Structure formats: structure tokens, C-alpha cells
Amino acid sequence: MLHPDVTLLAHNYVRPEVQAAADFVGDSLELARIARDRVETPYLVVAGVDFMAETAALLNPDKTVIHPEPFSRCAMALRLTPGDVLAARAAYPDAAVVAYVNTSAAVKAVSDVCCTSANAVEIVNALEEKTVIFVPDRNLALHVAARTEKEVVPVPAIGCCPVHHALTAGEVRAARALHPGAEVMVHPETSPEVQAEADYIGSTSGMLRRATQTRAETVIVGTEIGLIPRLEQAAPGRRFIPASPHLVCADMKMITLELIEQAIARHGPVVKVPEPVASRARHALERMLALSRP
Ligand code: SF4
């Protein structure tokens with residue numbers, strides 16, 4: 001605990017020392033649930049990118065939510081505007097809009113429901129609509145499309161996480177060749193070609209579970225390298241090797257312990273989402289939490 005009035009939430013991709021100082025560490029779905037249900041202090045500091053702090057502020061409006069570095073912004077979320085979503089709605093008037101949590105509050109506000117990489121298939125399958133506009137990650141949209149009967153329309157056509165999308169199938173094959181017998185785990189934000197090379201595809205929380213279940217002594221990890229220390233803690237004795245040294249999200253790494261301490265000392269920068277965006281975006285998030293397994 002850094003301060004008795006503060007709960008620190010940290011995403012699996014932030015620096016190891018920040019994760020070590022946090023009260024809770026998890027993926028986007030876990031952090032959203034914790035932000036809503038388990039924070040008893042007046043201040044909530046979010047060590048992650050901008051949309052994670054916004055999500056915490058939306059789900060727990062009674063707390064003061066602090067984002068230590070407002071310039072820590074998800075490059076994928078930045079690419080999509082509410083206007084893009086409204087244009088897609090006009091093109092597919094009978095479709096539901098499913099927004100990956102990696103979006104701004106303004107985009108969530110014009111969406112029907114949110115999802116994370118941990119529950120995307122579950123959320124899409126739970127909807128009544130036969131067509132789903134899925135924003136903004138094309139790779140996750142295609143991953144979902146392969147696991148549902150519904151028509152899934154990725155918007156924008158080229159939306160992606162620049163970190164995960166940069167991983168190539170060739171890099172995965174090269175890592176396998178270097179480590180014969182290793183298992184390959186990748187995140188669904190990676191390209192379909194990379195996912196086709198994998199033994200396991202899942203969110204970071206899914207990978208943590210898988211790490212304790214696999215019989216492989218060595219695991220090649222196709223997600224942001226911040227997860228590696230958590231995997232090592234979850235499954236001591238196994239080797240976890242990044243599929244590429246370039247799997248680093250610079251925005252996640254912007255959040256340092258020093259910035260967190262400064263933010264706690266000055267009680268800011270505070271994240272607030274104005275109305276009516278907040279109510280609409282909160283509805284999309286709450287609907288996701290209601291539709292996904294606890
Ligand atoms: S890893 Fe990708 S999706 Fe996650 S915050 Fe960084 S840019 Fe956004």
C-alpha cells in the first residue's frame with residue numbers, strides 16, 4: 001500500500017516495480033470489476049493507459065480517479081472516433097455495436113456494449129442481433145468471427161494494436177525453432193497469421209491460467225512483455241520467453257513509481273468524464289459486466 005487513502009490498480013503490462021507496488025494487478029476486465037466493486041479508499045490511482053483510468057472513473061463515480069500520466073494513451077483507442085461508429089451504424093442499421101474497452105469514453109457512449117479480450121466471444125454470442133459492428137481491433141474482431149455464427153464487421157477496416165500487430169508469424173516460427181517443444185501462447189490482438197501459429201490464444205488472464213496448466217517447460221509468449229514476470233510468479237520453474245523483443249507498449253511503460261508518488265502527493269491529474277457521455281458509456285460497460293461470467 002502506497003498511501004492509506006489510495007488504492008493502486010495496475011495493468012499486467014506496466015513496469016514490474018509498479019505492479020509490485022499495486023494493490024491489485026490484472027487485465028482490463030479484472031481491473032474494471034475491481035474499480036467498481038472493491039475500492040474502499042477515496043482515491044483510486046490507475047497505472048495503465050488513458051482508457052483504463054476513464055473506465056475506472058465511469059464505473060466508480062464516487063471515487064476520485066487519478067491517472068498519473070495523461071499522455072499514456074492507447075494508440076489503438078486513439079484511432080477511432082464516435083463519428084466512425086455512427087457512420088458504421090448508418091451502414092448496418094440492424095447491427096449491435098460492440099466496443100473493445102480499448103476505446104475512448106466518447107466511443108463507448110455511442111456503442112451498445114463493451115467487451116475485453118477475455119470476454120469478447122461471450123459478449124458477442126450473448127447479443128440478440130445477428131450482425132455485430134466490432135470496434136476498433138480488426139484482429140480481435142476476426143478472432144471473434146471465427147468463434148461465432150454471427151456476422152462480425154470490423155470497424156475501422158485497419159484498426160489494430162501497433163504492438164501486437166507488429167509480431168510476425170516468422171518471429172514465432174523462429175522462436176519455436178530455437179526452443180523445440182515449447183508451447184506458444186499469443187494474444188488475440190495479434191494478426192490471424194500469428195494466431196494460426198499458436199498453441200493457445202487468450203487474454204492475459206487466460207495466459208496466466210494456461211501457464212499453470214501447460215505441461216511445457218518453456219512457453220513462448222506473444223503479448224506485451226510486462227506479463228512475463230507475472231507468468232513467472234504464477235508458474236515458477238517454467239521458462240517464459242517473449243516471442244519478440246519488440247513486444248513493448250511505450251505508453252504502458254510511461255507510468256513510473258515516481259509519477260505515481262507525485263500524483264498521490266498532489267491528488268491529480270483527476271480523470272472525469274462529462275455528461276451525457278459518462279452515463280451512456282457507463283451503460284455500455286455495465287452491460288458488459290452483466291453479460292460476462294463473474
Ligand atoms: S499494448 Fe496495444 S492495445 Fe494495449 S495499451 Fe498498448 S497500444 Fe493499446
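Keep in mind that this is a model prediction, so the values were computed, not measured. Order of appearance sets the numbers: ligands from 1, and atoms from 1 within every ligand.
Using 4.0 Å as the threshold, H11 has no heavy atom nearer than that to any atom of ligand 1.
Atom CG of L227 and atom CD of Q19 lie 8.0 Å apart (nearest 0.5 Å). Taken from CG in N102 to CE in M52, the straight-line distance is 6.0 Å, to the nearest 0.5 Å.
The pair D112-R89 meets the salt-bridge criterion, with a side-chain N (NZ, NE, NH1 or NH2) lying under 4.0 Å from an Asp/Glu carboxylate O. Salt-bridge formation is not detected for the pair D199/R210: no Lys NZ or Arg NE/NH1/NH2 atom is positioned less than 4.0 Å from an Asp or Glu carboxylate oxygen.
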Legend entry - Test side chain to side chain donor-acceptor pair (under 3.5 Å) applied to E129 and Y92, step by step: CA-CA 11 Å; E129 289 86 349; Y92 295 90; over 6 Å; no
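Any protein N/O/S atom under 2.8 Å from atom 8 (Fe) of ligand 1 was counted, giving 1 altogether.
Under the rule for a ring-ring contact (aromatic ring centres under 6.0 Å, His included), H246 has no partner lying at least two apart in sequence or in another chain.
Under 4.0 Å from ligand 1, the heavy atoms of E189 that appear belong solely to its side chain.
With E224 as the fixed residue, the salt bridge (Lys or Arg N to Asp or Glu O under 4.0 Å) test singles out one of K253, R15, R230: K253.
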